[in-house]
Amino acid sequence: PSAEGLHIGHTYTYGGADTNGRFQRMRGNTVFEPMGFDAFGIHSENYALKQNINPMQLTARTTKRYRYEQLGRIGAMYDWEHSVDTSQPNYYKWTQWIFVQLFKAGLAIRKEAAVNWCPSCLTVLANEQVIDGHCERCGTLVVQRELTQWFFSITKYADRLLDGLQKLDWPDESKTRQANWIGRSEGAELVFAVEGSDERIPVFTTRPDTVFGATYVVLAPEHKIVPRLTTAARRAEVDAYIESARAATEIERTDAGREKTGEFTGAYAINPATGARVPIWVADYVLVQYGTGAIMAVPGHDERDYAFARKFDLPIVEVITSEVGIADAAYTGPGALKNSGQFDGLSSDEAKTAVTAWLAERGTGEPRVTYKLRDWLISRQRYWGPPIPIIHCPEHGSVPVPEEDLPVLLPEVADFHPTGTGKSPLASVESFVKTTCPVCGGPAERETDVSDTFLDSAWYFLRYPCTEWDDRPFDKERIAEWLPVDMYFGGKEHVVMHHLYARFITMVLHDLGHLPFEEPFKKLRLHGFVTKDGAKMSKSRGNVVNPDDYIKRVGSDAFRAYLLFMGPFDQDNDFSDQNLVGVTRFLDRVWRLVTDPAPTPGTGVELRPMHRYIKRVTDELGRYQFHTAIAALMEYSNWISTHNEAFNAEQRREAIRTLTLLLAPITPFLAEELWERQGGGYSVHQQDWPTFDPAQIVDETVTLVVQINGKLRDRIEAPVGLDEAAARALAGASTKVAPFLDGKTPKKVIYVPGRLLNIVL
RNA sequence: GCCGAAGUGGUGGAAUGGCAGACACGACGGUCUCAAACACCGUUGAGGGAGACCUCAUGGGGGUUCGACUCCCCCCUUCGGCACCA
């Protein structure tokens with residue numbers, strides 16, 4: 001509830017999901033379709049700040065409006081008995097419980113790290129929540145800060161999260177994006193000893209085969225070892241450089257096109273392969289969070305190192321053979337090794353293993369895998385979230401709140417504004433902060449940060465079927481019956497946030513023995529965005545379309561159906577109400593067809609087409625192609641109109657009954673009304689989905705397409721089961737085809753029975 | 001730079017190697033009406049032809065195939081994602 005109300009994107013998504021739910025139910029599946037409110041978090045809180053109303057009051061108001069004035073009208077079959085609101089104590093009690101489980105398992109840890117800070121939301125953010133260098137919520141440029149924060153060790157699950165993708169029925173797009181985000185890289189960690197000291201600098205590389213070409217070492221400016229290495233003569237320059245790097249934004253620092261900067265520390269390291277003395281530099285093109293925060297620079301075979309070496313006049317050695325050489329640019333491709341001692345002549349691929357093994361024997365290297373994925377920064381210096389259930393004791397350190405004391409209630413505060421001091425508004429609530437240590441009973445203080453909203457939403461699917469229990473987060477039997485989720489309709493924006501976090505939390509709970517499965521969503525389909533004039537809808541653009549007006553004007557069925565008719569569900573669709581009239585006309589025609597006095601029965605018609613339409617609608621709904629399902633329904637209703645007077649009474653009844661049933665998932669209200677008027681009783685949504693007779697699908701005649709040299713020349717109605725000779729005879733007799741044949745002998749004839757005859761001359 | 005999706009009439013889109021443009025919108029013509037709206041009927045990719053019909057046409061260029069919107073290669077454009085990730 002982060003806005004005044006829902007927009008048409010919600011109507012679109014929920015309409016599609018509900019159409020699928022109703023369709024599945026009519027096909028005999030037991031369907032659970034829940035809806036709830038992700039009410040905690042920055043999104044709601046920022047809205048409350050803008051309205052200057054305490055989020056507690058505002059959330060109560062908005063959720064009421066969403067539920068009764070909006071969601072209640074779109075005709076979705078939500079089970080409101082099993083709704084959740086993440087900001088209610090009976091929900092966040094269990095969010096806190098999950099935090100405690102992770103803490104006990106050593107997966108929730110407090111550590112100092114370079115983290116993302118949003119200067120507008122005045123809180124830290126997880127890496128996933130920084131979009132193109134900007135805050136996911138407010139769009140402000142994010143800055144880096146060294147802070148002590150709570151993290152979930154999602155990186156420990158990197159391989160599982162990656163490997164698990166293979167088994168999932170998810171769109172390739174989302175699997176690829178998650179895989180790229182996890183960013184597994186295989187290589188080696190090599191050790192460069194520091195000259196004249198016991199210090200050792202481990203570096204990560206994916207190219208251990210090029211170690212003989214490593215002519216200098218570069219440390220990230222934040223690397224802990226830098227102050228210890230820097231010589232007195234270089235200290236002023238290096239300190240100034242570190243200071244300027246710290247002041248720069250992530251965007252500035254990670255712009256690959258920018259000219260390289262750096263400073264020499266005055267210290268030297270020893271190349272473990274050559275034994276050569278190589279200078280140690282600091283430069284911000286090396287990132288402290290990735291690998292070891294240090295690299296061996298191989299300017300001959302890495303573009304960044306090449307640019308750096310050229311600028312600062314550092315030696316460049318060629319160790320991989322290539323046709324192009326390294327006179328003008330680094331050569332980054334494969335080749336044979338040169339200038340590499342006993343490895344000369346070996347291919348770079350073979351050398352990767354061989355060189356690593358050789359260095360490993362000497363204790364200066366080992367194979368290593370690293371990831372782009374970073375640990376999930378979970379704490380927020382904000383008010384509107386579940387307090388992190390930890391107590392800080394001077395004796396016992398960070399102690400989890402005992403489970404029987406959960407929830408740690410979020411206190412009501414006079415001022416909920418973020419402070420900007422690096423502490424949550426809760427820090428100023430003395431009655432909240434002051435407590436006793438659960439271990440020793442001595443005076444202690446509560447953690448005052450709240451947890452990330454994405455933790456609230458990382459487990460709600462476990463709670464939905466179990467809302468009647470207050471003494472457990474989820475019930476084992478109920479869970480086993482309903483989960484994992486069979487079908488998840490999600491937005492693309494969730495792929496490397498919510499979907500990733502939900503998988504992680506599910507895996508952890510599985511490993512701790514709480515869940516019988518480790519993947520939460522068996523089947524996932526991404527829906528597109530509804531745009532307006534080609535742009536994402538937003539208040540600032542002033543292009544937000546409110547569904548309420550349309551629902552008032554044409555009814556929720558027509559509006560829902562229209563949104564689905566706009567285009568493929570998984571693609572972005574631009575909203576314009578120009579075509580809305582097409583769907584309302586269609587539904588008006590259906591209405592008249594059913595409610596107008598029946599015409600005098602005719603002598604009867606061939607009912608086979610009805611079976612074909614049933615099949616088409618079923619198939620299209622089965623693959624979530626709602627727009628083509630509606631097109632098929634339009635054709636079907638047109639077919640009924642055309643034959644309305646020819647039907648005998650029984651046929652007409654059957655045709656109309658089928659139409660009503662096929663419409664039920666798409667226009668639930670209308671179908672119910674029409675069903676009642678046919679004497680169907682309550683409810684159309686509890687009827688069986690119409691079945692088609694396969695025998696009726698098979699055609700009695702086919703349209704034989706006749707081509708000459710692949711060009712269409714004639715279409716001939718022909719009986720089914722025609723053999724090639726008969727087909728050729730038929731084609732030869734055609735006045736359109738005969739002139740082309742003109743006594744010539746075909747070089748080749750392709751006959752696809754029942755479809756096509758292609759004569760190649 | 002890397003990864004992904006897409007490019008088809010005036011418009012939204014359909015067609016998963018076999019009839020390109022289903023279904024709609026819009027436009028044009030007509031019926032109904034004093035008139036309008038609604039509704040209904042017809043036409044509607046482009047070019048040629050009196051006409052039956054013919055030719056061209058799915059971002060551009062090549063290829064595979066009897067046959068390509070569909071598969072392969074190269075290129076262009078748009079949109080998303082990732083990005084000094086060693």
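Each chain gets a letter, A, B and so on, in the order the sequences are listed, and its residues count up from 1.
Residues forming a side-chain contact (heavy atoms from CB on, under 4.5 Å) with Ala220(A) (at least two apart in sequence, or on another chain): Glu222(A), Val286(A), Val288(A). Not counting sequence neighbours, His627(A) has no partner by the ring-ring contact (aromatic ring centres under 6.0 Å, His included) test. In this structure, Asp349(A) has no side-chain hydrogen bond (donor to acceptor under 3.5 Å, both in side chains) partners at least two apart in sequence or on a different chain. Scored by the side-chain contact (heavy atoms from CB on, under 4.5 Å) test, Thr703(A) finds Arg715(A), Glu717(A) as partners (sequence neighbours excluded). His223(A) pairs by the ring-ring contact (aromatic ring centres under 6.0 Å, His included) definition with nothing, not counting sequence neighbours. Partners of Ser185(A) under the side-chain contact (heavy atoms from CB on, under 4.5 Å) rule, at least two apart in sequence or in another chain, are Phe204(A), Thr206(A), Tyr290(A), Thr370(A).
At the phosphate of rA24(B), OP1 or OP2 sits under 4.0 Å from a side-chain N or O atom of Asn638(A).
Rounded to an integer number of Å, the gap from Arg304(A) CZ to rA83(B) P is 14 Å. Residue Tyr636(A) contributes atom OH, which lies 16 Å from atom P of rA24(B) at whole-angstrom precision. As a whole-Å value, the separation of Arg177(A) CZ from rA83(B) C1' is 14 Å.
A heavy-atom distance below 4.0 Å to RNA chain B is reached by these residues of residues 616-628 of chain A, ordered by number: Arg623(A), His627(A), Thr628(A).
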Under 3.5 Å donor-acceptor pairs involving side-chain atoms of residues 719-730 of chain A, not counting sequence neighbours:
| unit_1 | atom_1 | unit_2 | atom_2 | d |
| --- | --- | --- | --- | --- |
| Asp723(A) | OD1 | Ala725(A) | N | 3.4 |
| Asp723(A) | OD1 | Ala726(A) | N | 2.9 |

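Between Arg184(A) and Asp159(A), at least one side-chain N (NZ, or NE/NH1/NH2) sits under 4.0 Å from a carboxylate O, which counts as a salt bridge.
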Base versus backbone protein contacts along nucleotides 37-43 of chain B [heavy-atom cut-off under 4.0 Å; B, S, -] | --SS---
Report, as a single string ordered 5' to 3', how protein heavy atoms within less than 4.0 Å touch nucleotides 47-59 of chain B: B base, S sugar-phosphate only, - not at all.
-> ------SSSS---
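Judged by distance alone with a 3.5 Å cut-off, no donor-acceptor contact links the side chain of Lys372(A) to the base of rC82(B).
Of the candidate nucleotides rG12(B), rC84(B), rC3(B), rC3(B) has the atom lying nearest to any side-chain atom of Thr176(A).
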Can you give the dot-bracket line for RNA chain B, using ( ) for pairs inside the strand, [ ] for pairs that cross earlier ones, | for pairs with another strand and . for unpaired bases, where Watson-Crick and G-U count if both distances are under 3.5 Å?
-> (((((((..(((.....[....)))((((((.......))))))((((....))))..(((((..]....))))))))))))....
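Remark: the Asp572(A) side chain and the Thr531(A) side chain contain no N/O donor-acceptor pair separated by less than 3.5 Å. A donor-acceptor contact closer than 3.5 angstrom is absent between the side chains of Asp570(A) and Tyr624(A).
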Between the protein and nucleotides 61-71 of chain B, are there any N/O to N/O pairs under 3.5 Å, and if so, what are the atom names and distances?
| unit_1 | atom_1 | unit_2 | atom_2 | d |
| --- | --- | --- | --- | --- |
| rC66(B) | OP1 | Lys748(A) | NZ | 2.8 |
| rC66(B) | O2' | Asn758(A) | ND2 | 3.3 |
| rC66(B) | O2 | Asn758(A) | ND2 | 2.4 |

